[in-house]
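Note that ligands are numbered from 1 as they come in the structure, with each ligand's atoms numbered from 1 the same way. Start at 1 with the first residue, then count along the sequence.
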Amino acid sequence: MLNIILMGPPGAGKGTQATSIVDSFHLPHISTGDMFREAIAQGTPVGLKAKEIIARGDLVPDEVTCALVKERLAKEDCANGYLLDGFPRTIPQAEALDKLGPEIGREVSLVIDLSVPEEELVARISGRRVCPKCGASYHIKNMKPQVEGICDRCGAELIQRKDDNAESFQVRLQNYYSSTQPLVDYYKKQGKYHCFDGMVGRANLEKQINALLEENK
Ligand code: AMP
């Protein structure tokens, strides 16, 4: 069963690889970042709580995030696999998922981590444009859409994320190092961890990840 976690620092290419994985393996794409942005757009209580936190690059509290994921993972479309993108981001979140997964028969099977040096992350984030509708990512220089400003995948108008500025990016990166990176050892101990070099190029990376998923599906 492909019950996958996709992790990596901001700008590592999670969104891009997630899009390709869910399209190839027909999995629901569960991006907590997308869920929060949606909640903000709709002005829900979760959105109101998360808005300022996300804008400055901090992490939304574990209770709020875990409750959201718990509800989402229980849905029927996750019965035959799922891709978690951007969750867990802290050890308590991983522990909550380890408790929940087996309870609902949806235990994590694989963790994919994308490794990219810091200088490259800065360049990627500053030129990033995203689709607010389907979550696809582009870059103004390195990964242009076919029609400028328009998503190739769903035709929506691309935007620059509010937290893709230098200041918020630094906060996100520091949060990544302090709260998320400890998950590497956590999942290594469970034998689920697979690290990929995020600098090999999009298509190459897709091929390598596909090979791992084909072996494990
Ligand atoms: P992302 O789209 O994955 O880069 O997430 C955007 C923002 O949403 C993050 O910078 C956090 O503020 C928040 N967020 C997303 N996922 C989580 C999570 N698992 N835990 C806490 N905050 C999160």
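- The pair Lys75-Asp77 fails the salt-bridge criterion, with no side-chain N (NZ, NE, NH1 or NH2) lying under 4.0 Å from an Asp/Glu carboxylate O.
- Of the N or O atoms in Val60, one or more lie within a sub-3.5 Å distance of an N or O in ligand 1.
- Nearest to atom 23 (C) of ligand 1 among the protein's heavy atoms is Phe36 CE1, 3.8 Å.
- With contacts defined as side-chain heavy-atom distances shorter than 4.5 Å, the pair Phe169/Asp164 does not qualify.
- Of all atoms in ligand 1, numbered sequentially from 1 with element shown, those under 4.0 Å from a heavy atom of Thr65 are 18 (C), 19 (N), 20 (N), 21 (C).
- Between Val64 and the options Leu59, Ile53, Val46, a side chain to side chain contact (heavy atoms under 4.5 Å, CB included) holds for only Val46.
- Here is the list of ligand 1 atoms found below 4.0 Å of a heavy atom in Thr32: 15 (C), 16 (N), 17 (C), 19 (N).
- With respect to Glu107 and Lys192, a salt bridge is recorded, a charged nitrogen being found less than 4.0 Å from a carboxylate O.
- Under the 4.5 Å side-chain criterion, counting only non-hydrogen atoms from C-beta, Pro145 is in contact with Leu158.
- By the 3.5 Å distance cut-off applied to N or O atoms, Gly86 is counted among the residues near ligand 1.
- Contacts between Arg161 and ligand 1 below 4.0 angstrom, taking non-hydrogen atoms only, involve the side chain exclusively.
- With a 4.0 Å heavy-atom cut-off, ligand 1 is reached by the side chain of Arg37 but not by its N, CA, C or O.
- Considering only non-hydrogen atoms, atom 1 (P) of ligand 1 lies nearest to Arg89 out of Lys14, Arg89, Arg56, Met7.
- A salt bridge is defined here as a Lys NZ or Arg NE, NH1 or NH2 lying under 4.0 Å from an Asp or Glu carboxylate O, and Glu103 with Lys99 meets this definition.
- The ligand atoms of ligand 1 that sit less than 4.0 angstrom from a heavy atom of Asp58 are 11 (C), 12 (O).
- The side chain to side chain contact (heavy atoms under 4.5 Å, CB included) test with Phe87 singles out one residue from Leu68, Leu6, Thr32, and that residue is Thr32.
- Interface of Gln93 with ligand 1, defined as ligand atoms under 4.0 Å from a residue heavy atom, comprises 18 (C), 19 (N), 20 (N), 21 (C).
- Distance alone, capped at 3.5 Å, places no donor-acceptor pair between the Tyr187 side chain and the Ile5 backbone.
- The residue among Asp62, Leu68, Ile54, Thr180 with a heavy atom at the shortest distance from atom 8 (O) of ligand 1 is Ile54.
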